[in-house]
Every structure is written in C-alpha cells, then in structure tokens.
Amino acid sequence: SYLSTAMDQKISIQEIRRVVANLKNKKAVALDNITNEIIKVTFEVVPEVFRRLFNHIYMSGVYPNIWSSGIIKTIHKKGPTTEPENYRGITVGSCLAKV
C-alpha cells in the first residue's frame, strides 16, 4: 500500500521544505527558544542538517527530551478575570518539534 511504502522512505529535503514554508511567523516558543523564523532562515542555509536530524530521529526512534516539554500558559476565555474557571490552559511546544 502507499502508506507503508511512504513510511519506509527516508525524509527528503523537499518534504521538510514544504513543512517549513508553511510555518507561521510570530508564534510562541517553548524551552528551546527556537522560533519559526529561525527555522526558516536556517533551513535555507543548511537544509541537509535538517534532513539528517529528522532522519536520525526517525530511524533511531530517539526523540529529543526538550521537544517533549512545554510551557503551560493560561488564556482568559470570557467573564470576570478574577474567576479561575474563566481561564483555560494551553501548552506551548517546540516549533522545531512541530516540523
């Protein structure tokens, strides 16, 4: 099937380029402090480093610990700001991990 064939292939620079091109600017960053803007600029200079990194992660199954961490931010939903139930939490994760 197509899925098993696609999943058996290494990640290509073209695949990464498609994802990087769709990253939105001015997004919050997590503990690694790597922004989407940094990813875009760096990828254009050293795309091979990205390809090797993601293929190493894919082939080894070892996922960087820092990418598993996030920063929890509270967002006011509606109603009085003095009421805790009027907030919800969101987790800001690594931009690079999302690639």
Which atoms form the tightest heavy-atom contact between [X] and [Y], and what is the distance?
X	Y	value
Ile57	Val62	CG2-O, 3.5 Å
Ala28	Val92	CB-CG1, 3.7 Å
Ile71	Val29	CD1-O, 4.0 Å
Asp32	Ser94	OD2-OG, 2.6 Å

Distance in Å, [X] [atom1] paired with [Y] [atom2], rounded so as to fall on 0.5 Å steps:
X	Y	atom1	atom2	value
Leu96	Ile38	CG	CD1	10.5 Å
Lys24	Cys95	NZ	SG	12.0 Å
Leu31	Ile66	CG	CD1	5.5 Å
His76	Lys78	NE2	NZ	10.0 Å
Lys27	Lys98	NZ	NZ	8.0 Å

Could you tell me whether the side chain of [X] and the main chain of [Y] form a donor-acceptor pair under 3.5 Å?
X	Y	answer
Asn22	Arg18	yes
Glu83	Pro80	no
Tyr87	Thr81	yes

Consider only side-chain heavy atoms of I, L, V, M, F, W and Y, link residues closer than 4.5 Å, and tell whether [X] and [Y] are in one cluster.
X	Y	result
Phe43	Val99	yes
Ile13	Tyr58	yes
Ile11	Met59	yes
Val49	Val45	yes

Do Val19 and Phe54 have side-chain heavy atoms sitting under 4.5 Å apart?
no
Would you say Leu23 and Ile39 make side-chain contact, with heavy atoms under 4.5 Å?
yes
Under 6.0 Å from the NZ atom of Lys77, do we count more than 12 heavy atoms belonging to anything else shown?
yes
Fit a plane to each ring of Tyr63 and Trp67, take the angle between them on a 0 to 90° scale, and name the class: parallel (under 30°), tilted (30 to 60°) or perpendicular (over 60°).
perpendicular
Donor on one side chain, acceptor on other, Asn25 and Lys40, under 3.5 Å
yes
Taking only residues at least two apart or on different chains, which pairs with a member in residues 43-63 satisfy salt bridge (charged side-chain N to carboxylate O under 4.0 Å, His left out)?
Glu48-Arg51
